[in-house]
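Both counts, for ligands and for their atoms, begin at 1 and track the order of listing. Residue numbers count from 1 along this sequence.
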Amino acid sequence: MMASLQDRPYFFDSGLRFGCMGCGRCCSGEPGTVYVAAMEVGPIAAYLGLPAADLIADSLYPFRDSYSIREKASGDCLFFHGGCRIYPVRPRQCRTYPFWFSNLRSRYNWKQAAAECPGIGQGPLYTREEILAIARETF
Ligand code: SF4
């Protein structure tokens, strides 16, 4: 399966531009679910100087086989305070945005993502191979 995903043509064969503008739109507003893998809990807790148990109790809730991040009443991510408080150790779901398969499925989907994220179409050019490598991380 991976070989066919690798070999087929994509609308982004000549690359896509993305450079985060730090606007926080993807971390705020409408509710969402941010998957935090079990292996990501420790580094986030350490970065915040907290015991993992406190991080889990105060900021996470059970989701699938692991956790998701609680939100403020506004829908903003609990760690969003004008910027990401855990940026260097942010979960994979955040690190790989916007190169998710859901956004890469078609040029239409990418344009829809671009309507939400002003960083899409700006910044450095990611090659097809770089995009696929990031997208593969989201499996
Ligand atoms: S919406 Fe796009 S530009 Fe704004 S913070 Fe998120 S990734 Fe960055």
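- Considering only non-hydrogen atoms, atom 4 (Fe) of ligand 1 lies nearest to Cys23 out of Cys27, Cys23, Cys20.
- At a heavy-atom distance under 4.0 Å, no atom of Phe80 approaches ligand 1.
- Less than 4.0 angstrom separates some heavy atom of Cys117 from each of these atoms of ligand 1: 1 (S), 2 (Fe), 3 (S), 7 (S).
- Under a cutoff of 6.0 Å and an axis angle of 45°, Arg105 and Phe101 do not form a cation-pi pair.
- Near Tyr97, meaning under 4.0 Å from one of its heavy atoms, ligand 1 places the atoms 7 (S).
- For atom 3 (S) of ligand 1, the closest heavy atom belonging to the protein is Met21 N, 3.2 Å.
- Taking CD1 of Ile120 as the reference point, atom NZ of Lys111 lies at 12.5 Å (rounded to 0.5 Å).
- Of all atoms in ligand 1, listed by their number and element, those nearer than 4.0 Å to a heavy atom of Gly119 are 3 (S).
- A salt bridge is defined here as a Lys NZ or Arg NE, NH1 or NH2 lying under 4.0 Å from an Asp or Glu carboxylate O, and Glu40 with Arg90 fails to meet this definition.
- Distance check, rounded to the nearest 0.5 Å: CG of Asp76 to CD of Glu30 gives 11.5 Å.
- Scanning all heavy atoms of the two residues, the minimum distance from Leu60 to Val41 falls at CD1-CG2, 4.2 Å.
- Put simply, CG on Asn109 and CG on Asn103 are 7.0 Å apart, with the number rounded to the nearest 0.5 Å.
- Atoms of ligand 1 lying under 4.0 Å from any heavy atom of Gly24, numbered from 1 in the order shown and given with element: 4 (Fe), 5 (S).
- Atom 2 (Fe) of ligand 1 does not have Cys26 among its coordinating residues (no N/O/S atom, backbone or side chain, under 2.8 Å).
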